[in-house]
Amino acid sequence: MSQFEQFKKKFAEIFDQADAYYEFITCFEEGRNPLSAELKEDNDEELYDSYGSEDSKLNRVFYFPEFDIFVQFLGTRQSHVGEEWNSMQEVKPVTKTINTYE
């Protein structure tokens, strides 16, 4: 069984499957952290239309030391619906070299 499969099993034991991703994010933001997650990246992209309505893309990457994996959680936030977290997937850190000219 891979580390990610072990993580998903433990995740399912702790969080209700109906709103598991939302529940995890809420627990983390409130300081409750049963999986000892470390936030590594917060790439939320806030978007607004011409009427001021929000339709943002949510993207957070957490490191879970117990399983030695990085997991990305994806979701959306809309002014008329609120925040919804839709999926999670294992990701790996990648080093990129960027050339700029000044």
Side-chain donor/acceptor of Asp19 to backbone N/O of Glu23, under 3.5 Å: no

Worked check of side chain to side chain donor-acceptor pair (under 3.5 Å) between Asn59 and Gln72: CA-CA 7 Å; Asn59 177 349; Gln72 178 182 46; 3.0 Å; yes

Whichever hydrophobic residues join Phe67 through chains of side-chain contacts under 4.5 Å: Phe4, Phe7, Phe11, Ile14, Phe15, Tyr21, Tyr22, Phe24, Ile25, Phe28, Leu35, Leu39, Leu58, Phe62, Phe64, Ile69, Val71, Phe73, Trp85, Met88

Asn43 and Lys57, any side-chain heavy atoms less than 4.5 Å apart: no

Heavy-atom closest contact (Pro65 atom, Ser36 atom, distance): CD-O, 3.2 Å

Glu83, Glu38, Glu29, Glu41 screened by salt bridge (charged side-chain N to carboxylate O under 4.0 Å, His left out) with Arg60, the one that passes: Glu29

Within-4.5 Å side-chain heavy-atom neighbours: Ser56 and Glu45: no

Validation row: Glu66, Lys10 side chains within 4.5 angstrom (heavy atoms): yes

Flag side-chain contact, heavy atom, 4.5 Å: Lys8 against Gln6: no

